[in-house]
Each structure stands twice: as C-alpha cells, then as structure tokens.
Amino acid sequence: MTTEIDYYTLLEVERTADAGVLKSAYRKLAMKYHPDKTGGCTDSEAKFKAVSEAYEVLKDPQKRAAYDRFGHAAFKQQQQGGGGGFHGGGAGGFSDLGDIFETIFGQGGGFGGGGRQQQRRGADLRYDLEITLDEAYHGKQTEIQIEVSAACDSCEGSGAQPGTGAKTCHTCKGHGQVRAQQGFFVVERTCPSCHGAGKVIESPCRSCRGEGRVDKPKTLSVNIPAGVDDGTRIRLSGEGEAGARGAPAGDLYIFLHVKRHALFERDGTTLFCRCPVSFTTAALGGTIEVPGLDGVRHAIKIPVGIQSGKQIRQRGAGMPVLNGRGQGDLVVQIDVETPTRLTAKQKELLEAFRETETGEECPASTGFFGKIKDLWGD
C-alpha cells in the first residue's frame with residue numbers, strides 16, 4: 001500500500017471537506033475499487049485498501065487533527081510481527097500515537113500510557129423546587145435535602161481497601177482501551193478487564209465495594225435571586241453525583257416551579273390582574289387600590305366612562321428583572337360588574353335614568369342597533 005500519497009488526494013476531496021463529503025467520496029471510491037467489482041485486480045485492491053486507510057484516519061476528528069499537523073509521520077509503525085495497531089516506534093520523536101495526541105490536545109487524549117486516560121465525571125442531577133410568586137419577586141435563601149452519591153469516607157474515594165491501591169491493568173497496560181487488527185482496519189474497544197478505567201482494584205473497599213462512592217443525605221444552601229420565572233434553572237457546580245474512584249463530581253441543576261398566585265398572573269416581568277368595579281364607578285370614575293407584591297397599595301385611577309375589558313398599566317409595579325435593573329409593569333384589566341341585587345330605591349333611580357336616556361350615553365350600543373335597523377330595513 002502506498003501510504004505516502006496524501007489522504008485527501010486519495011479520497012479526491014479538499015482539505016476543508018466535512019464529514020459528509022468524506023463519507024460520500026469514500027463510498028464512491030470503495031465501490032469503484034472493491035475487489036468484487038474488479039475481478040481480483042491487484043492494483044485495484046491496493047487502491048481500495050489505500051482509500052479505506054485514508055477514510056479511517058480522516059473520519060476521526062482527533063486522528064484527522066494529528067494527520068493535518070504531522071502528516072503520515074503521525075501513523076508510522078513497525079511492520080514486523082503482523083502490526084498491532086497504532087504502536088511501535090513512531091517518527092519525529094513520538095513513541096506512539098498517544099504522544100502525538102497528548103502534544104495536540106493535552107493530557108487525557110485517550111491514547112496515552114498508564115494513568116493518562118480521562119476520568120469519567122459523575123452524572124449531573126436534577127432537583128425540582130416549588131416556590132411562590134412572592135418568593136420569586138423578592139428572592140430567597142433556602143435549604144434543600146437530597147440523597148446523592150458522594151465520595152466514600154473509608155477509602156477517600158479511591159475504591160480500594162485502606163492501605164492498598166489500584167494497579168495498572170495488565171490487559172490494556174493502563175490505556176483503558178484494547179486494539180485489534182482486522183485486515184487493514186484497527187478496531188478499538190473498551191478494555192473488558194478494567195472497563196476503561198486503566199486500573200484494577202484487587203482489594204475493593206468494603207464500604208463502597210470498589211466504587212469509591214456511597215449514597216448519603218446532603219443539605220445544600222440555594223440562593224434564589226429576585227425575578228426568577230417558572231422553569232428557571234440554577235446550577236450548583238460539583239454538587240451532583242460523585243465520580244467513580246475519585247473522578248470529578250457532576251453538577252446539580254435545580255429547576256424552579258412557581259405556584260399559581262391567587263390574584264396575579266405573570267408574563268415575563270409583567271404582572272396581570274383582573275379587577276371588577278361597579279357600573280357606577282365605571283360610569284362616574286374613581287380610584288381603586290391594588291396591593292402589589294412589593295407591599296405597596298397601588299392607586300389605580302378609573303377614568304369616567306371606562307368600558308369592561310379596558311386595561312390600565314401601572315409602570316414599575318411588576319416583577320424585577322432577573323440579574324438586572326428595573327421593574328416590569330402591573331396591568332389591571334377592568335371588568336365592569338352589573339348589580340344583581342337592587343333595592344326598591346335603586347330600581348326606582350335606574351328607571352328614572354332609563355327614561356332620560358337619549359342614546360348618546362352609550363354610543364357603542366346605539367351604533368350596534370343602528371346597524372341592525374339598517375340591515376332589516378325597519
């Protein structure tokens with residue numbers, strides 16, 4: 001196989017080609033040069049192996065980055081002994097592929113020697129917390145109780161019996177992965193002995209059974225800032241599930257749920273409420289008071305002749321802006337209420353008022369019935 005031909009040239013693509021273009025180009029060439037298609041032609045078979053090797057490297061982001069930087073030197077290996085994957089004396093002073101990846105990506109590239117594999121972080125956790133609208137307005141400092149995996153006190157998170165420790169896995173030599181050559185492909189799998197950890201514990205801790213973590217109750221202080229809304233997420237870094245055998249812990253995400261308020265509804269920073277007023281107040285005007293979440297009684301002026309459904313906006317009486325400055329507005333919708341119980345005197349006064357009506361007092365109803373009269377011609 002001619003390995004010194006540029007991989008991008010072999011696949012007939014630009015160096016900026018994305019994964020989709022690479023895959024399409026490889027399929028096209030593989031079909032063209034496949035031995036079953038060419039009747040066992042030696043040249044075609046060599047070409048097929050070459051494009052397959054090129055695609056195997058370029059489809060992997062890390063391998064592709066190494067190839068772009070070092071070319072074929074990143075993947076040179078000893079050919080004697082049947083080839084055991086990406087091992088052997090590499091060119092350019094690199095002992096194996098892990099050294100190249102470590103140079104490019106830093107520690108934990110996944111191909112290094114014993115102990116260089118990346119530790120598996122603990123899982124993130126979710127906690128649902130219900131608060132009132134008043135608490136969302138003012139903010140709150142509260143405590144929550146959770147049951148979470150934490151580092152084992154007996155082994156201090158190592159997973160090994162006190163006085164002992166973990167040893168490098170003999171199967172993968174600490175890599176956490178094992179490689180096998182299948183034709184011209186190199187297949188990499190998680191090590192079956194250490195399950196990717198790179199180390200094995202011969203004397204597991206009796207308290208945590210080698211996990212390095214146990215379930216414990218935990219009390220956490222949570223700061224709820226003023227202005228939070230339903231669905232707001234608060235992250236507590238490192239308060240999630242502990243990682244196995246000393247690996248970093250995950251995060252705890254607290255999702256807030258705001259209870260329905262007896263008076264107010266909310267839309268962002270705007271508070272909304274419906275306020276019934278008597279038909280005399282609606283006709284003559286007046287002032288009503290609405291208690292805000294800020295503890296202030298807001299005076300809402302009712303203009304003369306207000307109609308039901310009209311909204312009045314009180315600036316700065318709404319919800320505070322989360323992590324910002326200012327306040328939203330309070331919107332009061334006026335619902336004119338028709339009296340259902342009248343005294344004889346009230347009925348007499350209303351009858352007297354009806355006798356003096358000219359139609360100009362209620363222009364909307366006059367206009368409506370005028371349209372009906374024109375429609376019917378009567």
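Legend: ring pair (Phe, Tyr, Trp, His ring centres under 6.0 Å) pairs involving residues 219-269, not counting sequence neighbours, sorted by first then second residue: His261-Phe264. Sorted by first then second residue, the side chain to side chain donor-acceptor pair (under 3.5 Å) pairs that include residues 312-323, not counting sequence neighbours, are Arg313-Asp329, Arg315-Asp329. Within the structure, the salt bridge (Lys or Arg N to Asp or Glu O under 4.0 Å) test picks out the following pairs touching residues 335-347 (sequence neighbours left out): Arg274-Asp335. Each salt bridge (Lys or Arg N to Asp or Glu O under 4.0 Å) pair with one or both residues in residues 138-153, not counting sequence neighbours, appears once here: Glu135-Lys140, Asp153-Lys216.
For Ser221, the side-chain contact (heavy atoms from CB on, under 4.5 Å) criterion is met by Gln141, not counting sequence neighbours. Taking Lys59 as the reference, Tyr55, Glu56 meet the side-chain contact (heavy atoms from CB on, under 4.5 Å) condition, with sequence neighbours excluded. Taking the side-chain contact (heavy atoms from CB on, under 4.5 Å) definition, one finds that Ser237 meets it with Arg235, Asp251, sequence neighbours left out. Residues passing the side chain to side chain donor-acceptor pair (under 3.5 Å) test with Lys23, sequence neighbours excluded: none. Under the rule for a salt bridge (Lys or Arg N to Asp or Glu O under 4.0 Å), Asp230 has no partner lying at least two apart in sequence or in another chain. Here Lys28 pairs with nothing under the salt bridge (Lys or Arg N to Asp or Glu O under 4.0 Å) rule; sequence neighbours left out. In terms of the side-chain contact (heavy atoms from CB on, under 4.5 Å) criterion, residue partners of Val222 (sequence neighbours excluded) are, by chain and number, Thr142, Ile144, Ile224, Ile234, Leu236, Ile254.
The pair Arg126-Asp124 does not meet the salt-bridge criterion, since no charged nitrogen lies less than 4.0 angstrom from a carboxylate oxygen. No salt bridge links Glu357 with Arg354; every basic N to acidic carboxylate O contact stays at or beyond 4.0 Å.
Within the 3.5 Å criterion, the main-chain N or O of Thr343 finds a donor-acceptor partner in the side chain of Gln346.
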Identify all side-chain donor-acceptor contacts of residues 280-291 below 3.5 Å with residues at least two apart in sequence or on another chain.
unit_1: Thr280; atom_1: OG1; unit_2: Ser278; atom_2: OG; d: 3.0
unit_1: Thr281; atom_1: OG1; unit_2: Ser278; atom_2: OG; d: 2.9

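The environment of CD in Gln307 is sparse: at most 12 heavy-atom neighbours from other residues, nucleotides or ligands sit within 6.0 Å.
For Ser203 and Thr164, the side-chain atoms include no donor-acceptor pair closer than 3.5 Å.
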